[in-house]
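All values below were derived from every heavy atom in this structure, side-chain atoms included, with hydrogens, water molecules and symmetry-related copies excluded. Everything quoted here is computed from the prediction, not taken from an experiment.
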Amino acid sequence: MSRWKELPAELDPRVARLVVRLRGLKDHGGLSMRQLAAKTGYSAKSWERYLGGRSLPPRDAVEAMARITGEDPTRLLALHEVAAAHWARTRGGVGDRPAAATGADGAGGATDGAAPVPPRGGEPEGRLPRFAVTAGAAVLVLALAAAVLLAVRFTGTSGSDDDGRAVGATTAGPARVTASASGSPAAYTCRMEETDGRWYAGNSRTGEAIVAYGEAGPEVAEVQCLLQRAGLSPGEIDGIFGPLTQRAVKRVQKRNGLVVDGIVGPHTWRALRGKAPT
């Protein structure tokens, strides 16, 4: 797993959710920045900005990431729609265009033989023609409408705990996302129960997974619930490993005489699932 830098503290949680999912797909696919550039047509430097939370990736880049990693594009694009709405509202940034086959940032020259997508119209990277700026408001409205439709689809099929899974069963794959016009992040609940002297919150039963800053999913929500049970506030139970969760993890590690690195591994899981402090 790559050792990612922390995301900017001011980054909106909806944008952070998209970024950490893209990071996870890159890591799972074992892709380098050069390979991403060759396979998607967006330069290596552009992907560094996207995955660092400094620039919002264009829809085409997100769709290309889904295609080359085998991810369901519907879910990933739903995350992008929500992130784009909040990004446009707070920063007004515009994503980059695909990179040329060669360039100073090293997008060209990849050895995997994939043909990059050429730049459109010879315009400078990251700039849009005036007519596109004029149409921006209409695109934003369409994006929000699409997010609402996707929300109806997801909430009608995923079923949370109504799909027959037992409480506390292990969950796999990406965090369940509820896309909405307001951009609310996925909601998790803490259903605490003790089994064989160990505490579980109903989001994941893992005791081995490595969970670190910038990640998202049910394992993170499980960590947050267990931290809350231990009297250490991780902030909102949203399944996003942010600065508040990291700070609480360090406190529980210090309390239990563990290495204080803010990363949840087997030793920290044992401390979290053990008896509450007296």
Query - Sequence-distant partners of Arg67, salt bridge (Lys or Arg N to Asp or Glu O under 4.0 Å), two or more places apart - result: none
Query raised in the report: Is the side chain of Asp12 donor-acceptor paired with the backbone N or O of Arg14 at a distance under 3.5 Å, no angle test?
Result: yes
Query - Steps toward salt bridge (charged side-chain N to carboxylate O under 4.0 Å, His left out) verdict (Asp196, Arg198) - result: CA-CA 6 Å; Asp196 297 329; Arg198 299 291 181 185; over 6 Å; no
Query - Least distance between heavy atoms, Pro8 atom then Gly52 atom - result: CD-O, 3.3 Å
Requested in this report: Verify the cluster assignment for Trp199 and Val252: are they in a single hydrophobic cluster under the rule of side-chain heavy atoms below 4.5 Å apart?
Outcome: yes
Query - Trp47 vs Met65 side-chain heavy atoms within contact, under 4.5 Å - result: yes
**Report entry** Inter-residue atom distance Ser55.OG - Trp87.CH2, 0.5 Å rounding
**Finding:** 6.0 Å
Query raised in the report: Within a strict 4.5 Å, meaning less than it, do heavy atoms of the Lys250 and Asp261 side chains meet?
Result: no
Query raised in the report: Going from NZ on Lys45 to CZ on Arg49, what distance comes out if it is rounded to the nearest 0.5 angstrom?
Result: 8.5 Å
Requested in this report: Please test Tyr42 against Asp60 for side-chain contact (heavy atoms from CB on, under 4.5 Å), starting from the C-alpha separation and ending with a verdict.
Outcome: CA-CA 9 Å; Tyr42 289 83; Asp60 288 347; 3.3 Å; yes
Report task. Check Cys190 against Gln228 and note the closest heavy-atom contact, atom names and distance. Result -> SG-NE2, 4.2 Å
Requested in this report: Using a 4.5 Å cut-off on heavy atoms from C-beta on, say whether the side chain of Lys26 contacts that of Tyr50.
Outcome: no
Query - Exercise: identify the closest heavy-atom pair between Asn203 and Cys225 - result: ND2-SG, 3.6 Å
Query raised in the report: Quick one: does Arg229's side chain have a donor or acceptor within less than 3.5 Å of a partner on Met192's backbone?
Result: no
Query - Verdict with supporting geometry, Arg21 and Leu79, side-chain contact (heavy atoms from CB on, under 4.5 Å) - result: CA-CA 9 Å; Arg21 186 64 192 134; Leu79 286 176; 4.1 Å; yes
Query raised in the report: Any side-chain heavy atom of Val220 within less than 4.5 Å of one from Tyr188?
Result: no
Query raised in the report: Would you say the side chain of Pro57 lies within less than 4.5 Å of the side chain of Leu22, judging by non-hydrogen atoms?
Result: yes
Query raised in the report: Which distance, rounded to the nearest 0.5 Å, do you find between the CD of Glu48 and the NZ of Lys5?
Result: 8.5 Å
Report task. Give, for atom OG1 of Thr206 and atom OH of Tyr200, the distance between the pair rounded to the nearest 0.5 Å. Result -> 9.5 Å
Query raised in the report: Is Ile68 reachable from Leu18 through a run of hydrophobic residues whose side-chain heavy atoms are each under 4.5 Å from the next?
Result: yes
Requested in this report: Spell out, as yes or no, whether a donor-acceptor pair under 3.5 Å connects the side chain of Thr40 to the backbone of Leu36.
Outcome: yes
**Report entry** Donor-acceptor contact present, side-chain His80 to main-chain Arg75, <3.5 Å
**Finding:** no
Query raised in the report: When you measure from the side chain of Glu71 to the backbone N and O of Leu25, does any donor-acceptor pair fall under 3.5 Å?
Result: no
Query raised in the report: When you look at Thr69 and Leu31, which way does the side-chain contact (heavy atoms from CB on, under 4.5 Å) test go after all the steps?
Result: CA-CA 9 Å; Thr69 58; Leu31 298 167; 4.1 Å; yes
Query raised in the report: What's the spacing between Leu258 CG and Ile263 CD1 if we round to 0.5 Å?
Result: 13.0 Å
Query - Check: Glu222 side chain, Ala201 main-chain N or O, donor-acceptor pair, under 3.5 Å - result: yes
Query raised in the report: Is the closest side-chain donor-acceptor distance between Arg191 and Thr189 under 3.5 Å?
Result: yes
Report task. Could you check if a side-chain atom of Arg255 sits within less than 4.5 angstrom of a side-chain atom of Leu232, using non-hydrogen atoms only? Result -> yes
Query raised in the report: Can you name the nearest heavy-atom pair linking Trp269 to Glu208, along with the distance?
Result: CD1-N, 4.0 Å
Query - Least distance between heavy atoms, Leu56 atom then Ala83 atom - result: CD1-CB, 4.2 Å
**Report entry** Whether Glu219 side chain and Ala209 backbone form a donor-acceptor pair below 3.5 Å
**Finding:** no
Could you go through residues 239-249 and list every donor-acceptor pair under 3.5 Å that involves a side-chain atom there, pairing it with any protein atom two or more places apart or in another chain?
{"residue": "Thr245", "atom": "OG1", "partner": "Gln224", "partner atom": "NE2", "Å": "3.1"}
{"residue": "Thr245", "atom": "OG1", "partner": "Pro234", "partner atom": "O", "Å": "3.2"}

Report task. Please step through salt bridge (charged side-chain N to carboxylate O under 4.0 Å, His left out) for the pair Glu215 and Arg17, ending with a clear verdict. Result -> CA-CA 8 Å; Glu215 296 187 19; Arg17 182 175 293 279; over 6 Å; no
Report task. Could you grab the distance from atom CG of Leu7 to atom CZ of Arg54, nearest 0.5 Å is fine? Result -> 10.5 Å
**Report entry** Glu81 side chain near Arg59 side chain, heavy-atom distance below 4.5 Å
**Finding:** yes
Query raised in the report: How close do Ala37 and Ser43 get, heavy atom to heavy atom, and via which atoms?
Result: CB-C, 3.9 Å
